[in-house]
Amino acid sequence: MSQAVTMDKIVAFCKRRGFVYQSSEIYGGIRSSYDYGPLGIELKRNIKEEWWRRTVHMRDDVVGLDSAIIMHPKVWEASGHTATFNDMLVESRTSKRRYRADHLIEAATGMDVEGLSPEELTRIVREDERVKDPVDGGRDFSEVRPFNLMFETYMGPVKGPENLAYLRPETAQGIFVNFKNVMQTSRVKVPFGIAQQGKSFRNEITPGNFIFRTREFEQMEMEFFVEPGTDEEWHEFWIEERWNWYTSLGLDPENLRRFEHPKEKLSHYSKRTVDIEYNFPFRGWSELEGIANRTDYDLKQHAEHSGENLEYFDQASNQRYYPYVIEPAAGPDRIMLAFLVDAYTEEEVGGEQRTVLKLHPRLAPTKAAVFPLSKKEPVSTIARGLYDELKGDYRLFYDDSGSIGRRYRRQDEAGTPFCVTVDFDTVDDNQVTIRDRDTLEQERVPIQSVRERLQKLISV
Ligand code: ATP
C-alpha cells in the first residue's frame, strides 16, 4: 500500500477507472448507495467467487443455498431481530441531526459504552460536557432511544400491519430456516455447512466511509453445524481458515489482526466471537468479518417458534441433538475496499510515476490484455486471433490505441496482471511477449503456449 492513500484518493480513483460510482449521481446522488462499474463488478464477483470456491467447491462438507430476501416476519421474531436489532439513536435539537449515541460518546470521551441501556446513555449525553454535536457544538440532546435497523416494507397491495414484512438484515436466517430442507435433500451429515451470498439491508443511522458501511450491502455467510462439544475446536479451525483466505489472496498480514470480543459484550446468541480486522488508513482497525460460535440458539428458537422439530439425528450414535453453529460472516463490499486499499500503489519506475493496483491475479478484474504493436496487418490479425481464442476463459481486454507505454499504464491502474504484446517479430517467429505488472519482466513465449502459460500464472 502506498503511504499517501486517503479515502478521497480511493473514491476518486474508483470513479475515474469505473470501479464504483455514487448511485443516482445525475440526480445529485443518494447517500450511502453505490453502483459498481465495469471494473468494480469484475473485482467484486471475483471476491465472491474465490470465497465460494474455497468455502463450498473445495470442501466436501459444505453446500450452497440462495434464500429469499423477504421472509416470513416470524423469522425475525424468532431470531431476536424484531426485539433487539437496534442501535442507540440520539437527536441533536440544535442541528436536528441524528447520531448513534455510542459513537458520539466514544468519539468525545474515549469511554467504551457498548451494551449500556438507553437511560444510561441519555445520562452521559446530557451530563458529560465533552459530548457535543459534531456539527454545531450544541449540547441539547433528545433522549437516547433504541432504533430498529430493519427495513420495513409491505407485501401486496394493502399497506396494513398484517402485510408488514422486512428486507433481511442478514443472510444467516435463510440458512437456519432451511436446515431441515437441506438435511433431508442433500445427504449431509454433521459436521457440515450451508453457505450463502446475497444482499442484506440495514437502516444504519450513520452509514459512511464509502462502501465500508452502507444501507444496502452484500454478505457471504456460512453456518457450519457441529456436534456440541466439538464447537470450540471447529471455531478455531474456521478462524484460521478465514485468515488464510485473505493472506492467500495477497492481503498484507501486517494490516490484518484478530479481535476477540470481550465475553461481557457478546451478542445474545454468541458463546465466542472473533473478528478479522483490517487496518484501513482512514479509519484504523475495522471489522472485515466476524466468526461467531452461535451455539444452538438459532435452531432452538426456530424450533420453538415454528413448532417444527429441528434436531439432528446422528445415526452412528443413535442420538438426537441440536447442533452448535460456527458462523464466518463476511461482507464483499467491505472486503473489496480492503483489497483496493491494500493493492493501490503509486511508485516511480524508470523516472516515471505510475499508479498500479497490485491485486492478486485471481482477483484482478481483467486477467490479461492483448496489444498489437501496430494496427496494421498482419500484426493486428494475429493479435485479434489470440484475443478471440482466449476471451472465453476469463475477462480479457483488447487495446490497440495509443503508445505501448500508455497501454501498459492503463492496465497497471486497472490491476491487469499480464499484458501480451504481438509485435513485428511475431510474424516471423510466432512468439509474443508477456509482461508482468509487478516485476515488469517480459518473457517471450510461443503464441500457441500463451493459454497454458497464462493459466499457470493466474491460478497461483
Ligand atoms: P458493524 O459492527 O461494522 O456494524 P456487524 O458486527 O454488525 O458490523 P455482522 O452482523 O457481523 O456485522 O455482519 C457480518 C459482515 O457483514 C460484517 O463483517 C461486514 O463485512 C458486513 N456488513 C455488516 N453491515 C454492513 C454494512 N452496513 N455495510 C457493508 N457491510 C456490512
Side-chain angles (χ1 to χ4, degrees), residues 4-15 20-35 81 84-152 167 169 200-217 259 265 275 277-288 331 333-334 337-338 340-341:
V5 64
T6 58
M7 180 62 102
D8 286 348
K9 207 167 219 175
I10 286 289
V11 173
F13 173 80
C14 280
K15 161 131 202 237
V20 182
Y21 313 121
Q22 176 76 60
S23 164
S24 320
E25 202 182 87
I26 59 168
Y27 289 100
I30 177 164
R31 190 169 168 219
S32 159
S33 269
Y34 294 94
D35 300 337
H81 282 83
T84 64
F85 194 56
N86 302 319
D87 276 342
M88 295 299 167
L89 174 74
V90 67
E91 190 180 333
S92 160
R93 294 205 178 98
T94 46
S95 75
K96 300 274 178 272
R97 297 230 180 185
R98 295 192 168 133
Y99 301 103
R100 264 180 72 170
D102 52 338
H103 285 178
L104 205 61
I105 296 170
E106 278 166 25
T109 68
M111 281 159 72
D112 183 356
V113 293
E114 211 182 302
L116 294 193
S117 68
E119 294 73 31
E120 287 166 316
L121 293 170
T122 304
R123 194 182 51 73
I124 298 173
V125 159
R126 294 204 167 145
E127 289 176 9
D128 194 316
E129 307 240 315
R130 290 172 296 177
V131 182
K132 295 189 180 103
D133 182 339
V135 169
D136 62 8
R139 290 220 0 88
D140 187 4
F141 291 109
S142 70
E143 285 200 348
V144 176
R145 65 177 171 92
F147 172 77
N148 194 285
L149 298 183
M150 281 200 291
F151 268 90
E152 294 181 353
L167 305 185
S200 290
F201 301 81
R202 295 182 187 177
N203 204 359
E204 303 271 4
I205 297 169
T206 43
N209 284 308
F210 197 32
I211 53 172
F212 181 86
R213 187 185 305 284
T214 49
R215 294 186 171 126
E216 170 182 349
F217 57 97
F259 171 75
K265 291 193 184 150
D275 289 346
E277 295 186 331
Y278 181 79
N279 194 8
F280 285 97
F282 31 79
R283 55 169 285 137
W285 293 102
S286 316
E287 171 182 338
L288 290 184
D333 308 280
R334 227 176 243 196
L337 186 59
L340 273 173
V341 166

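Sequential numbering from 1 along the given sequence is applied to the chain's residues.
Closest heavy-atom contact between S92 and T94: OG-OG1, 3.0 Å. Closest heavy-atom contact between D87 and I205: CB-CD1, 3.8 Å. What you find for R283 and N209 is that their closest heavy atoms are NH1-ND2, 2.8 Å. What you find for R215 and F151 is that their closest heavy atoms are O-CE1, 3.8 Å. Here the closest heavy-atom approach between residue F141 and residue R93 is recorded as O-NH1, 3.3 Å. Heavy atoms only, all atoms of each residue included: P134 and L104 are closest at CD-CD1, 3.6 Å.
Atom-to-atom distance recorded for R123:CZ and E143:CD is 13.5 Å, nearest 0.5 angstrom. Distance check, rounded to the nearest 0.5 Å: OG of S286 to CG of N279 gives 8.0 Å. If you take CG on D133 and CD on E91, they are separated by 10.0 Å, rounding to the nearest 0.5 Å. Once rounded to the nearest 0.5 Å, the distance linking CD1 of I30 with OG of S24 reads 5.5 Å. Taken to the nearest 0.5 Å, the CZ atom of R202 stands 13.5 Å off from the CD atom of E216. Between atom CG of residue N148 and atom CG of residue L89 there is a gap of 12.0 Å, rounded to the nearest 0.5 Å.
Separation of the F280 and Y278 ring centroids falls under the 6.0 Å cut-off.
You'll find the side chain of V113 stays beyond 4.5 Å of the side chain of M88, heavy atoms only. The side-chain heavy atoms of V20 and L337, taken from C-beta on, include no pair separated by under 4.5 Å. Residues V90 and S142 have side chains in contact (heavy-atom distance under 4.5 Å, counting atoms from C-beta outward). At a threshold of 4.5 Å between non-hydrogen side-chain atoms, the residues F85 and M150 count as touching. When side chains are defined from C-beta on, P169 does not count as touching L149, because their heavy atoms never get closer than 4.5 Å. Under the 4.5 Å side-chain criterion, counting only non-hydrogen atoms from C-beta, F147 is not in contact with N86. In this structure, the side chains of S32 and T214 come closer than 4.5 Å at one or more pairs of heavy atoms. Contact check for Q22 versus K15: no side-chain heavy atoms found under the 4.5 Å cut-off.
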**Item:** side chain to side chain contact (heavy atoms under 4.5 Å, CB included) evaluation trace for T109 with I124
**Value:** CA-CA 10 Å; T109 68; I124 298 173; 5.6 Å; no
**Asked** Does the pair R213 and E204 meet the rule for a salt bridge (Lys or Arg N to Asp or Glu O under 4.0 Å), with working shown?
**Response** CA-CA 8 Å; R213 187 185 305 284; E204 303 271 4; 3.7 Å; yes
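Atom CZ of R97 has 12 or fewer neighbouring heavy atoms from other residues, nucleotides or ligands inside a 6.0 Å radius.
Of the candidates Y21, F282, F217, Y34, F210 forms a ring-ring contact (aromatic ring centres under 6.0 Å, His included) with just one, namely Y34.
In this structure, the side chain of E277 does not engage the main chain of L288 through any donor-acceptor pair within 3.5 Å. In this structure, the side chain of R139 engages the main chain of V125 through a donor-acceptor pair within 3.5 Å.
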